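To start, the structure under review is shown below, and the notes come after it.
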Amino acid sequence: MVFIIRKMSDPSADTQQLIGERIRQIRERIAQAEQQAGRAPGSVRLMAVTKTVSPDRVNMALAEGVDLLGENRVQEFLGKNLSYQCEKSQIHFIGHLQTNKIRDIINRVSCIQSIDSLHLAKAVSSAAEKAGLVMPCLLEVNIGREESKSGFAPEGVLDAAGEIAAMPGISLHGLMTVAPAAAGQTGDDSCFRDMQQLFLRLEQLSLPNARIDTLSMGMTGDFEMAIRCGSTLVRVGQGIFGARNVQTGLPQH
Ligand SMILES: *Cc1c(COP(=O)(O)O)cnc(C)c1O
(Lines give C-alpha, C1' and ligand atoms only; values in the text may rest on other atoms or scores of the structure.)
Protein backbone atom coordinates (compact mmCIF):
# COMPACT_ATOMS: atom_id res chain seq x y z
CA MET A 1 0.00 0.00 0.00
CA VAL A 2 2.75 2.42 0.97
CA PHE A 3 4.52 1.45 -2.23
CA ILE A 4 1.49 2.27 -4.34
CA ILE A 5 1.00 5.67 -2.73
CA ARG A 6 4.63 6.53 -3.25
CA LYS A 7 4.50 5.55 -6.87
CA MET A 8 1.40 7.61 -7.53
CA SER A 9 2.92 10.75 -6.07
CA ASP A 10 6.31 10.39 -7.73
CA PRO A 11 6.25 11.77 -11.27
CA SER A 12 9.61 10.33 -12.22
CA ALA A 13 8.47 6.83 -11.18
CA ASP A 14 5.39 7.35 -13.35
CA THR A 15 7.56 8.36 -16.29
CA GLN A 16 9.85 5.37 -15.74
CA GLN A 17 6.82 3.10 -15.75
CA LEU A 18 5.37 4.70 -18.87
CA ILE A 19 8.63 4.45 -20.80
CA GLY A 20 9.05 0.84 -19.66
CA GLU A 21 5.53 -0.01 -20.79
CA ARG A 22 6.05 1.59 -24.21
CA ILE A 23 9.32 -0.28 -24.69
CA ARG A 24 7.67 -3.60 -23.80
CA GLN A 25 4.89 -2.94 -26.29
CA ILE A 26 7.30 -2.02 -29.05
CA ARG A 27 9.39 -5.13 -28.41
CA GLU A 28 6.19 -7.15 -28.59
CA ARG A 29 5.22 -5.55 -31.91
CA ILE A 30 8.73 -6.13 -33.29
CA ALA A 31 8.50 -9.80 -32.30
CA GLN A 32 5.10 -10.13 -33.99
CA ALA A 33 6.33 -8.46 -37.18
CA GLU A 34 9.37 -10.75 -37.24
CA GLN A 35 7.13 -13.74 -36.90
CA GLN A 36 4.65 -12.57 -39.57
CA ALA A 37 7.54 -12.01 -41.96
CA GLY A 38 8.92 -15.48 -41.25
CA ARG A 39 12.07 -13.99 -39.79
CA ALA A 40 14.05 -15.36 -36.87
CA PRO A 41 13.14 -13.99 -33.43
CA GLY A 42 15.65 -11.35 -32.42
CA SER A 43 16.74 -10.54 -35.96
CA VAL A 44 15.66 -6.90 -35.58
CA ARG A 45 17.50 -4.57 -33.23
CA LEU A 46 15.70 -1.73 -31.41
CA MET A 47 17.33 1.70 -31.21
CA ALA A 48 15.98 4.44 -28.94
CA VAL A 49 16.27 7.80 -30.71
CA THR A 50 17.02 10.50 -28.16
CA LYS A 51 16.63 13.83 -29.94
CA THR A 52 14.98 16.45 -27.67
CA VAL A 53 14.81 13.89 -24.84
CA SER A 54 16.37 14.82 -21.48
CA PRO A 55 19.21 12.61 -20.20
CA ASP A 56 17.16 11.41 -17.21
CA ARG A 57 14.52 10.04 -19.58
CA VAL A 58 17.19 8.48 -21.77
CA ASN A 59 18.53 6.79 -18.63
CA MET A 60 15.05 5.43 -17.93
CA ALA A 61 15.07 3.72 -21.32
CA LEU A 62 18.56 2.37 -20.62
CA ALA A 63 17.31 1.04 -17.28
CA GLU A 64 14.64 -0.87 -19.24
CA GLY A 65 17.35 -2.72 -21.12
CA VAL A 66 17.62 -0.61 -24.27
CA ASP A 67 21.14 -1.26 -25.53
CA LEU A 68 21.32 1.08 -28.51
CA LEU A 69 20.86 4.87 -28.64
CA GLY A 70 20.56 7.04 -31.76
CA GLU A 71 21.87 10.60 -31.78
CA ASN A 72 20.97 13.21 -34.40
CA ARG A 73 22.59 16.42 -33.34
CA VAL A 74 26.23 16.82 -32.38
CA GLN A 75 25.79 19.75 -29.99
CA GLU A 76 22.83 18.21 -28.21
CA PHE A 77 24.68 14.90 -27.93
CA LEU A 78 27.83 16.49 -26.47
CA GLY A 79 25.68 18.25 -23.89
CA LYS A 80 23.95 15.06 -22.80
CA ASN A 81 26.24 12.08 -23.26
CA LEU A 82 28.26 12.49 -20.07
CA SER A 83 25.01 12.04 -18.12
CA TYR A 84 24.08 8.80 -19.86
CA GLN A 85 24.34 5.61 -17.82
CA CYS A 86 25.20 3.62 -20.90
CA GLU A 87 28.16 1.42 -20.00
CA LYS A 88 26.40 -1.58 -21.51
CA SER A 89 24.94 0.23 -24.50
CA GLN A 90 26.09 1.46 -27.87
CA ILE A 91 25.52 4.85 -29.43
CA HIS A 92 25.11 5.38 -33.17
CA PHE A 93 25.10 8.72 -34.92
CA ILE A 94 22.07 9.03 -37.24
CA GLY A 95 21.80 12.73 -38.13
CA HIS A 96 23.26 14.95 -40.82
CA LEU A 97 26.96 15.30 -40.02
CA GLN A 98 29.12 18.25 -41.00
CA THR A 99 32.76 17.42 -41.64
CA ASN A 100 33.96 19.94 -39.04
CA LYS A 101 32.02 18.06 -36.32
CA ILE A 102 33.41 14.60 -37.05
CA ARG A 103 36.22 14.82 -34.53
CA ASP A 104 33.71 15.67 -31.77
CA ILE A 105 31.96 12.32 -32.14
CA ILE A 106 34.53 9.95 -33.58
CA ASN A 107 35.50 8.54 -30.18
CA ARG A 108 32.00 8.63 -28.74
CA VAL A 109 29.93 6.57 -31.18
CA SER A 110 30.30 3.02 -32.43
CA CYS A 111 28.68 3.57 -35.83
CA ILE A 112 27.85 6.47 -38.15
CA GLN A 113 24.63 5.52 -39.94
CA SER A 114 24.29 8.75 -41.89
CA ILE A 115 27.13 8.79 -44.42
CA ASP A 116 25.40 10.78 -47.15
CA SER A 117 28.22 11.76 -49.54
CA LEU A 118 31.65 10.63 -50.72
CA HIS A 119 33.02 13.85 -49.31
CA LEU A 120 31.77 12.99 -45.81
CA ALA A 121 32.98 9.40 -46.13
CA LYS A 122 36.52 10.56 -46.98
CA ALA A 123 36.55 12.95 -44.02
CA VAL A 124 35.26 10.27 -41.62
CA SER A 125 37.83 7.81 -42.90
CA SER A 126 40.75 10.16 -42.35
CA ALA A 127 39.46 11.26 -38.91
CA ALA A 128 39.12 7.60 -37.93
CA GLU A 129 42.65 6.85 -39.11
CA LYS A 130 43.98 9.77 -37.07
CA ALA A 131 42.10 8.47 -34.03
CA GLY A 132 43.56 5.02 -34.62
CA LEU A 133 40.27 3.28 -35.28
CA VAL A 134 38.08 1.91 -38.05
CA MET A 135 34.57 3.37 -37.95
CA PRO A 136 31.61 1.12 -38.80
CA CYS A 137 29.35 3.06 -41.18
CA LEU A 138 26.06 2.82 -43.07
CA LEU A 139 25.26 4.73 -46.23
CA GLU A 140 22.12 6.84 -46.05
CA VAL A 141 19.86 6.53 -49.07
CA ASN A 142 17.33 9.19 -50.02
CA ILE A 143 14.94 6.53 -51.16
CA GLY A 144 11.96 8.84 -51.68
CA ARG A 145 14.12 11.34 -53.61
CA GLU A 146 12.95 14.11 -51.30
CA GLU A 147 14.60 17.52 -51.56
CA SER A 148 14.39 18.01 -47.82
CA LYS A 149 16.41 14.89 -47.09
CA SER A 150 20.05 14.08 -47.50
CA GLY A 151 21.45 10.79 -48.67
CA PHE A 152 22.73 9.07 -51.77
CA ALA A 153 20.39 8.75 -54.73
CA PRO A 154 19.30 5.11 -55.04
CA GLU A 155 20.97 4.76 -58.44
CA GLY A 156 24.29 6.08 -57.12
CA VAL A 157 24.66 4.34 -53.80
CA LEU A 158 26.12 1.02 -54.98
CA ASP A 159 28.97 2.68 -56.88
CA ALA A 160 29.62 4.85 -53.84
CA ALA A 161 29.63 1.74 -51.66
CA GLY A 162 32.46 0.27 -53.73
CA GLU A 163 34.57 3.37 -53.22
CA ILE A 164 33.74 3.79 -49.54
CA ALA A 165 34.34 0.16 -48.63
CA ALA A 166 37.91 0.63 -49.87
CA MET A 167 38.56 3.55 -47.51
CA PRO A 168 40.97 2.52 -44.75
CA GLY A 169 39.19 4.23 -41.82
CA ILE A 170 35.72 2.86 -42.64
CA SER A 171 34.13 -0.53 -42.24
CA LEU A 172 30.99 -0.59 -44.36
CA HIS A 173 28.07 -2.43 -42.76
CA GLY A 174 25.04 -1.56 -44.88
CA LEU A 175 22.35 0.99 -45.60
CA MET A 176 20.06 3.36 -43.73
CA THR A 177 17.03 5.36 -44.82
CA VAL A 178 14.33 7.67 -43.56
CA ALA A 179 11.26 6.81 -45.63
CA PRO A 180 8.81 9.52 -46.73
CA ALA A 181 6.48 10.33 -43.85
CA ALA A 182 3.42 9.24 -45.81
CA ALA A 183 4.53 5.61 -46.00
CA GLY A 184 3.34 4.82 -42.49
CA GLN A 185 -0.06 6.41 -43.12
CA THR A 186 -0.87 4.99 -46.53
CA GLY A 187 0.69 1.57 -46.04
CA ASP A 188 2.63 2.06 -49.28
CA ASP A 189 5.76 0.00 -48.73
CA SER A 190 7.37 0.62 -52.14
CA CYS A 191 10.24 2.65 -50.67
CA PHE A 192 11.05 -0.13 -48.20
CA ARG A 193 10.88 -2.70 -51.01
CA ASP A 194 13.30 -0.58 -53.04
CA MET A 195 15.65 -0.47 -50.05
CA GLN A 196 15.40 -4.22 -49.65
CA GLN A 197 16.44 -4.68 -53.30
CA LEU A 198 19.35 -2.26 -52.94
CA PHE A 199 20.50 -4.05 -49.79
CA LEU A 200 20.36 -7.40 -51.54
CA ARG A 201 22.40 -6.06 -54.45
CA LEU A 202 24.90 -4.55 -52.01
CA GLU A 203 25.29 -7.96 -50.33
CA GLN A 204 25.78 -9.60 -53.72
CA LEU A 205 28.61 -7.23 -54.61
CA SER A 206 30.67 -9.06 -51.94
CA LEU A 207 32.86 -5.99 -51.53
CA PRO A 208 36.24 -6.72 -50.01
CA ASN A 209 36.60 -5.20 -46.51
CA ALA A 210 32.84 -4.71 -46.13
CA ARG A 211 30.66 -6.69 -43.75
CA ILE A 212 27.14 -6.08 -44.93
CA ASP A 213 24.84 -6.96 -42.05
CA THR A 214 22.66 -3.92 -41.30
CA LEU A 215 19.61 -2.46 -43.01
CA SER A 216 18.50 0.40 -40.78
CA MET A 217 14.94 1.46 -41.57
CA GLY A 218 11.62 1.94 -39.82
CA MET A 219 10.59 4.52 -37.21
CA THR A 220 7.64 4.92 -34.83
CA GLY A 221 5.07 5.23 -37.62
CA ASP A 222 6.30 2.53 -39.97
CA PHE A 223 8.63 0.05 -38.27
CA GLU A 224 6.43 -3.01 -38.75
CA MET A 225 6.25 -2.40 -42.49
CA ALA A 226 10.03 -1.93 -42.54
CA ILE A 227 10.51 -5.25 -40.73
CA ARG A 228 8.36 -7.01 -43.31
CA CYS A 229 10.76 -5.58 -45.92
CA GLY A 230 13.91 -6.86 -44.26
CA SER A 231 14.92 -4.14 -41.81
CA THR A 232 17.47 -5.35 -39.25
CA LEU A 233 17.43 -2.22 -37.09
CA VAL A 234 14.48 0.06 -36.27
CA ARG A 235 14.96 3.57 -34.91
CA VAL A 236 12.16 4.56 -32.54
CA GLY A 237 11.89 7.95 -30.82
CA GLN A 238 8.34 9.09 -30.13
CA GLY A 239 7.08 5.56 -29.67
CA ILE A 240 9.32 5.30 -26.60
CA PHE A 241 9.59 8.83 -25.26
CA GLY A 242 6.28 10.37 -26.35
CA ALA A 243 5.44 12.97 -28.97
CA ARG A 244 7.91 15.72 -29.79
CA ASN A 245 6.64 19.26 -30.05
CA VAL A 246 7.15 20.00 -33.73
CA GLN A 247 7.60 23.75 -33.25
CA THR A 248 10.02 23.79 -30.34
CA GLY A 249 11.50 20.35 -30.79
CA LEU A 250 10.87 19.79 -27.09
CA PRO A 251 9.03 16.72 -25.83
CA GLN A 252 5.44 17.39 -24.79
CA HIS A 253 5.30 14.87 -22.00
C1 LIG B 1 13.83 11.31 -35.27
C2 LIG B 1 14.41 10.20 -36.04
C3 LIG B 1 13.97 8.89 -35.86
C4 LIG B 1 12.84 8.51 -34.92
O5 LIG B 1 11.64 9.04 -35.35
P6 LIG B 1 10.30 8.75 -34.49
O7 LIG B 1 9.21 9.14 -35.41
O8 LIG B 1 10.39 9.63 -33.29
O9 LIG B 1 10.31 7.33 -34.15
C10 LIG B 1 14.59 7.88 -36.58
N11 LIG B 1 15.61 8.15 -37.44
C12 LIG B 1 16.06 9.39 -37.63
C13 LIG B 1 17.18 9.60 -38.58
C14 LIG B 1 15.48 10.46 -36.93
O15 LIG B 1 15.94 11.70 -37.14
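Just so you know, ligand 1 is whichever comes first in the structure, and atom 1 is the first atom listed for that ligand. Keep in mind that this is a model prediction, so the values were computed, not measured.
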Would you check, one step at a time, whether the test salt bridge (Lys or Arg N to Asp or Glu O under 4.0 Å) holds for Glu64 with Arg22? CA-CA 10 Å; Glu64 300 292 337; Arg22 289 193 186 122; over 6 Å; no

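Leu233 is listed as a side-chain neighbour of Gln113, based on a closest heavy-atom distance under 4.5 Å.
Gln238 and Thr220 share no side-chain donor-acceptor pair at under 3.5 Å. Between the side chains of Gln196 and Arg193, a donor-acceptor pair is found at a separation under 3.5 Å. If you check the side chains of Arg211 and Ser171, you find no donor sitting under 3.5 Å from an acceptor. With 3.5 Å as the limit, one finds a donor-acceptor pair spanning the side chains of Glu21 and Gln25.
Protein residues with any heavy atom under 4.0 Å from ligand 1: Val49, Lys51, Asn72, Ile94, Val178, Met219, Thr220, Arg235, Val236, Gly237, Gln238, Arg244.
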